[in-house]
Peer 1: 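Please see the structure below; I have some questions.
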Amino acid sequence: MINDIPRVRFAPSPTGYLHVGGLRTALYNYLFARNRKGKFILRIEDTDRNRYVPGAVENLISTLSWAAIDYDEGPDKGGEYGPYLQSERLDIYKEHADILVKNKKAYYCFCSSERLTSLREVQQKQNIQSMYDKHCLDLSEEEIKHNLSEGLPYVIRLNVEHGKKIKFNDHIRGEVEFSSDVVDDQVLIKTDKYPTYHLANVVDDHLMKITHVIRGEEWLSSTPKHVILYKAFGWETPVFAHLPLLLNADRSKLSKRQGDVAVEDYKNKGYLKEALVNFVALLGWTAGDDKEYYDIDELISSFSLDRVNKSGAVFNIEKLNWLNEEHLRKKTDAELLQMLRSELKDSRYSGQEYTDEYLLKVIGVMKERVSFIKEIFEKGFYFFEEPASYEEAGVKKRWNIQSAEILKQYAEKIEQVGSPTKEDYENTLKDTATHFNTGNGNVIHPLRLAVSGVGGGPGIFDILYIIGKEKTLSRIETIIKKLT
RNA sequence: GGCGCGUUCGUCUAGUGGCUUAGGACGCCGCCCUCUCAAGGCGGAGACCACGGGUUCGAAUCCCGUACGCGCUACCA
């Protein structure tokens, strides 16, 4: 096995959307596979029919594809070891459960849910570990046959031999040991003939030749069951690597209640996939140096399971924001243009037409000032519409008794220039200041207020040049009317 | 309750016995740049390395215990 090429899998349950924790698990599997020139498989664990969500698989696949985490085998791609949907592998699980029953490693159980519940209640009252009492283990061959022919509902349970030590080596945590006394006779096949996760994942991982099981820490406690299963089948166990959990700010397991957990949410908010992937990769893994900015190829080449941390990591949105800015700044203007065009459709300016040339100019002056491309429409609204009002603090601080007169003269001078360049706007402004025997600031700030309505933003001459002479003049006229 | 895992600045982390008066990043604060806002540059505050014992000439680093946190404890994954 060790000499085989690594084969890893991401095995989500289709509950409706991809959780960011799931994204990280998928990513680590992907990075590991690509780094080691192995194979990455997507397998859908849809054995819980009560939790079936229509469209969830498609959603999962499209989200993974958005994040550019591609796999070599999967439900929509096929592969040598399919099908990759567990609901299509029922016969395989049944067949394997039968083998276990035959070898006395598993047994039929006809206990009612009522009996199970009361058993659990009694155990809890006595404050002892709640576990199945092996009641049906001693059923005779005849009884089983009889019950089966009667059509009684049944499950198949794993027969756990007590008094043993179950040890396994976790690649991230080292040796972990459990007593088999605390391992329950887990249901392997449910009444509805579907397997439980425990059976299905062991059978599939073996049949699909998975070499490394990289999954969340929430699975660590049930790994002994899986180890027992591998042994019962006489199979070699894969390498286990249990990833630390992603946490809320209060250090509980990352949940919906405390913010966004769906990858889609981040996508919709305008986060770049490069940033989300970069960020999530750093939650629990480090190359050991000071590098924080990674593109996907750098992640692939430096990723190693050996450097995955043991403790949970709080999902800190501030750092994600920073990474988003960093990745945004690495984009070319042509890429930004494409993004801006697509955001334009969803903005309140969707009805307006802009040339590439115009948008490119806006991008040029705004890209250093935004964390998200769509913010160009918010922070730079004055490139798309006239300011409806003027920032109060700005008016108070920058607008004085002389401002209207100054702007009026500036407008008159600009009027004379055929088609002003950036330099024309600047030189004219200096002339105006000189004329009034005042500092440039006394022209610049009222002017900025006039054309943008706000106190901050790109260089004033850039703004004027971009919106053009006509709008510059009309906005000056408007502010004079409104503020005097 | 039982079992398991974890615990270095607010957060993500470096650190694998002496190089550490614990390094970096995000965030925060200040300065510079500057027409403003950003970006950028420079600097600052911020961790008695959960606590208590040991081992050692020497421990954030090794061992034991305690506390706290989290996970699991389903015919859910």
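It should be emphasised that the depicted structure is a prediction, and the values quoted were computed from it without experimental measurement. Quick note on labels: first sequence line is chain A, next is B, and so on, each numbered from 1.
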Peer 1: Considering every strand and a 4.0 Å limit on heavy-atom distances, what is the contact class for A:Leu447: base, sugar-phosphate, or nothing?
Peer 2: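 The residue A:Leu447 makes no contact with any strand.
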Peer 1: Hey, are A:Tyr194 and A:Asp48 close enough side-chain-wise for a donor-acceptor pair under 3.5 Å?
Peer 2: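 No, no side-chain donor-acceptor contact under 3.5 Å.
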Peer 1: The criterion is side chain to side chain contact (heavy atoms under 4.5 Å, CB included); which residues satisfy it with A:Glu114, sequence neighbours excluded?
Peer 2: A:Ser112
Peer 1: Looking for any heavy atom pair under 4.0 Å, which part of the strands does A:Arg173 touch: base, sugar-phosphate only, or nothing?
Peer 2: sugar-phosphate
Peer 1: Using a 4.0 Å heavy-atom cut-off, does A:Tyr197 contact any base of the nucleic acid, only the sugar-phosphate backbone, or nothing at all?
Peer 2: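 Base, at least one base heavy atom under 4.0 Å.
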Peer 1: Using the C1' atom in both, what is the distance from B:rG71 to B:rC19, to the nearest Å?
Peer 2: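 Here B:rG71 and B:rC19 have their C1' atoms 39 Å from each other.
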Peer 1: According to side chain to side chain donor-acceptor pair (under 3.5 Å), who are the partners of A:Lys413, at least two apart in sequence or on a separate chain?
Peer 2: A:Gln409
Peer 1: Once you apply the 3.5 Å cut-off to both distances, tell me the Watson-Crick or G-U wobble partner of B:rU16, or none.
Peer 2: none
Peer 1: Sticking with atom C1', work out how far B:rU34 lies from B:rG40, rounded to a whole angstrom.
Peer 2: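 Their C1' atoms lie roughly 12 Å apart.
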Peer 1: Assess the side chains of A:Asn442 and A:Gln402: does a donor N or O sit below 3.5 Å from an acceptor N or O?
Peer 2: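 Their side chains do not contain a donor-acceptor pair, so the 3.5 Å distance test is not met.
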Peer 1: Return yes when atom NZ of A:Lys408 has more than 12 non-hydrogen atoms of other residues, nucleotides or ligands closer than 6.0 Å, and no otherwise.
Peer 2: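 It does not: A:Lys408 NZ has 12 such atoms or fewer within range.
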Peer 1: Tell me, please, the opening and closing nucleotides of RNA chain B, 5' to 3', among those with an atom under 4.0 angstrom from a non-hydrogen atom of chain A.
Peer 2: B:rG1 to B:rA77
Peer 1: Side chains of A:Lys190 and A:Arg49: does their closest heavy-atom pair fall under 4.5 Å?
Peer 2: no
Peer 1: Base, sugar-phosphate, or nothing for A:Asp48, non-hydrogen atoms under 4.0 angstrom?
Peer 2: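 The residue A:Asp48 makes sugar-phosphate contact but no base contact.
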Peer 1: Is B:rA50 paired to anything, Watson-Crick or G-U wobble with both distances less than 3.5 Å, and if yes, which nucleotide?
Peer 2: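 In the structure as shown, B:rA50 has B:rU66 as its Watson-Crick or wobble partner.
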Peer 1: Give A:Pro14 one of three labels, base, sugar-phosphate or nothing, depending on what nucleic acid heavy atoms sit under 4.0 Å from its own.
Peer 2: nothing
Peer 1: Are A:Tyr107 and A:Asp185 linked by a side-chain donor-acceptor pair shorter than 3.5 Å?
Peer 2: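 A:Tyr107 vs A:Asp185: donor-acceptor pair found between side chains.
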Peer 1: I'd like the C1' distance from B:rC48 over to B:rA59, given in whole Å.
Peer 2: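 Comparing C1' positions in B:rA59 and B:rC48 gives a spacing of 15 Å.
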Peer 1: Identify, between A:Asp462 and A:Ser252, the residue whose nearest nucleotide on RNA chain B lies closer to the 5' end.
Peer 2: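 Residue closer to the 5' terminus by nearest nucleotide: A:Asp462.
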Peer 1: Determine which nucleotide pairs with B:rG71, using a 3.5 Å limit on both distances of a Watson-Crick or G-U wobble pair.
Peer 2: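 Looking at the geometry, B:rG71 pairs with B:rC3.
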Peer 1: Report which part of the nucleic acid A:Val155 touches: base, sugar-phosphate, or nothing (heavy-atom distance under 4.0 Å, all strands).
Peer 2: base
Peer 1: Students often get this wrong, so: under 4.0 angstrom with heavy atoms, is A:Glu325 touching a base, only sugar-phosphate, or nothing?
Peer 2: nothing
Peer 1: Using the P atoms only, state how far B:rC64 lies from B:rG6, rounded to an integer number of Å.
Peer 2: 12 Å
Peer 1: Can you sort out which residues in residues 359-378 of chain A have a heavy atom within less than 4.0 Å of RNA chain B? Ascending by number, please.
Peer 2: A:Glu368, A:Arg369
Peer 1: Over all strands shown, is A:Thr15 touching base, sugar-phosphate only, or nothing at heavy-atom distances under 4.0 angstrom?
Peer 2: nothing
Peer 1: Going by atom types only, do A:Thr428 and A:Asp424 share a side-chain donor-acceptor pair under 3.5 Å?
Peer 2: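 There is no such pair (donor and acceptor under 3.5 Å, judged by atom type) between the side chains of A:Thr428 and A:Asp424.
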Peer 1: Would you measure the distance from the C1' atom in B:rG65 across to the matching atom in B:rC9 and give it in whole Å?
Peer 2: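 Pairwise C1' distance, B:rG65 against B:rC9, rounds to 27 Å.
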Peer 1: For A:Ser301, check side chain to side chain contact (heavy atoms under 4.5 Å, CB included) against everything at least two apart and list the hits.
Peer 2: none
Peer 1: Could you verify whether a donor N or O on one side chain and an acceptor N or O on the other, from A:Asp431 and A:Tyr410, lie under 3.5 Å apart?
Peer 2: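 Absent: no donor and acceptor within the cut-off.
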Peer 1: What interatomic distance, in whole Å, is found between C1' of B:rA39 and the corresponding atom of B:rG46?
Peer 2: 25 Å
Peer 1: With rounding to the closest Å, how many angstrom separate the C1' atoms on B:rA22 and B:rG17?
Peer 2: 15 Å
Peer 1: We want to know whether A:Asn309 and A:Ser311 form a side-chain donor-acceptor pair, criterion being a heavy-atom distance below 3.5 angstrom.
Peer 2: no
Peer 1: Could you tell me whether A:Pro458 contacts a base, only the sugar-phosphate backbone, or nothing, with contacts defined as non-hydrogen atoms closer than 4.0 Å?
Peer 2: base
Peer 1: A:Arg43: which residues meet the side chain to side chain donor-acceptor pair (under 3.5 Å) condition with it, sequence neighbours left out?
Peer 2: A:Glu45, A:Asp205
Peer 1: With the threshold set at under 4.0 Å for non-hydrogen atoms, list the residues of residues 282-296 of chain A touching RNA chain B in residue-number order.
Peer 2: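 Under 4.0 Å from RNA chain B: A:Leu282, A:Leu283, A:Gly284, A:Thr286, A:Gly288, A:Asp290, A:Glu292.
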Peer 1: Apply salt bridge (charged side-chain N to carboxylate O under 4.0 Å, His left out) to A:Lys125 and list each qualifying residue two or more places apart in sequence or on a separate chain.
Peer 2: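 A:Lys125 satisfies salt bridge (charged side-chain N to carboxylate O under 4.0 Å, His left out) with no other residue.
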Peer 1: If we take the C1' atom in both B:rU8 and B:rA25, what is their distance in whole Å?
Peer 2: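 Their C1' atoms lie roughly 15 Å apart.
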Peer 1: Name all residues meeting the side chain to side chain contact (heavy atoms under 4.5 Å, CB included) criterion together with A:Val53; count only those two or more places apart in sequence or in a different chain, and write none if there are none.
Peer 2: A:Ala56
Peer 1: List in chain and number order the residues that pass salt bridge (charged side-chain N to carboxylate O under 4.0 Å, His left out) with A:Glu391, two or more places apart in sequence or in another chain; answer none if no residue qualifies.
Peer 2: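 Salt bridge (charged side-chain N to carboxylate O under 4.0 Å, His left out) list for A:Glu391, sorted by chain: empty.
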Peer 1: For A:Thr196, report the nucleic acid contact type (base, sugar-phosphate, nothing); a contact means any heavy atom under 4.0 Å.
Peer 2: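 Result for A:Thr196 = sugar-phosphate.
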Peer 1: NA contact type, A:Ser221, heavy-atom cut-off 4.0 Å: base, sugar-phosphate, or nothing?
Peer 2: base
Peer 1: Identify, between A:Glu177 and A:Gln86, the residue whose nearest nucleotide on RNA chain B lies closer to the 5' end.
Peer 2: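 Nearest nucleotide further toward 5': that of A:Glu177.
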Peer 1: Return the nucleotide paired to B:rC28: Watson-Crick means purine N1 to pyrimidine N3 with N6-O4 or O6-N4, wobble means G-U with N1-O2 and O6-N3, both under 3.5 Å.
Peer 2: B:rG44
Peer 1: Using a heavy-atom cut-off of 4.0 Å across all strands, would you classify A:Leu220 as base, sugar-phosphate, or nothing?
Peer 2: sugar-phosphate
Peer 1: Report the base-pairing partner of B:rC9 (Watson-Crick or G-U wobble, both distances below 3.5 angstrom), or none.
Peer 2: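 Because no pair has both required distances under 3.5 Å, B:rC9 counts as unpaired.
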Peer 1: Tell me, which of residues 239-251 of chain A have any heavy atom that sits under 4.0 Å from an atom in RNA chain B?
Peer 2: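 Within this stretch, A:Leu245, A:Arg251 sit under 4.0 Å of the strand.
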Peer 1: Identify whether any heavy atom of A:Asn309 sits under 4.0 Å from a base atom; if not, whether one sits that close to sugar-phosphate; answer base, sugar-phosphate or nothing.
Peer 2: sugar-phosphate
Peer 1: What residues, two or more places apart in sequence or in another chain, satisfy side chain to side chain donor-acceptor pair (under 3.5 Å) together with A:Glu335?
Peer 2: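 A:Thr332.
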